[in-house]
Amino acid sequence: MNYRVRIDLSFASEFDARSLMDYAREVSGKAVSINEGLDSEEISFCDFELCGHDEGLPCTRLERLEVRKTGVR
């Protein structure tokens, strides 16, 4: 059994968004992925995006952090 935290927060400040991403990177070493390499795998991750929905534009991924046995990508 694992414990999962899902967070989807939008910030007006890039500094605040990057601060949360930096913290996620710090604690990602404690995270695990589930059934890695199997059809039922669930990879722990954090995405940092530029969200344009308030302007009618799509989100653009700027960075993705994934937790895998081979290390964080």
Side-chain angles (χ1 to χ4, degrees):
M1 184 79 57
N2 293 288
Y3 297 89
R4 172 171 279 165
V5 176
R6 292 181 190 231
I7 301 174
D8 184 354
L9 301 172
S10 297
F11 296 92
S13 161
E14 181 181 354
F15 176 81
D16 291 339
R18 286 195 182 274
S19 294
L20 182 56
M21 191 69 180
D22 290 344
Y23 179 70
R25 188 174 292 101
E26 286 178 29
V27 298
S28 66
K30 298 177 183 180
V32 297
S33 289
I34 301 166
N35 299 328
E36 190 174 338
L38 302 176
D39 290 339
S40 60
E41 77 177 0
E42 295 184 42
I43 302 299
S44 294
F45 71 93
C46 292
D47 283 337
F48 179 50
E49 300 176 336
L50 182 58
C51 178
H53 289 134
D54 59 331
E55 299 175 2
L57 300 170
C59 289
T60 303
R61 185 183 301 159
L62 302 176
E63 181 181 350
R64 182 174 181 92
L65 173 102
E66 291 186 349
V67 176
R68 297 184 181 265
K69 289 178 187 172
T70 57
V72 176
R73 284 199 230 168

Exercise answer: donor-acceptor pairs, residues 42-60 side-chain atoms, under 3.5 Å, sequence neighbours excluded:
unit_1	atom_1	unit_2	atom_2	d
Glu42	OE1	Arg4	NH1	2.8
Glu42	OE1	Arg4	NH2	2.8
Ser44	OG	Val32	O	2.5
Asp47	OD1	Arg64	NH1	2.8
Asp47	OD2	Arg64	NH1	2.9

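- Hydrophobic cluster membership of Tyr3, counting Ile, Leu, Val, Met, Phe, Trp and Tyr whose side-chain heavy atoms lie under 4.5 Å apart directly or via other members: none, as it forms a cluster of its own.
- Distance CD/Glu41 to CZ/Arg68: 5.5 Å, rounded to 0.5 Å.
- When atom types are taken as modelled, the side chain of Ser13 and the backbone of Asp16 share a donor-acceptor pair closer than 3.5 angstrom.
- Residue pairs meeting the salt bridge (charged side-chain N to carboxylate O under 4.0 Å, His left out) criterion with at least one member in residues 5-15, sequence neighbours excluded: Glu14-Arg18.
- A search for side chain to side chain contact (heavy atoms under 4.5 Å, CB included) contacts involving Asn35 returns Leu38, Ser40, not counting sequence neighbours.
- If you chain together ILVMFWY residues whose side-chain heavy atoms come under 4.5 Å of each other, Tyr23 ends up grouped with Val27.
- With side-chain heavy atoms closer than 4.5 Å counting as contact, directly or through intermediates, the hydrophobic cluster containing Leu20 also holds Val5, Ile7, Leu9, Phe11.
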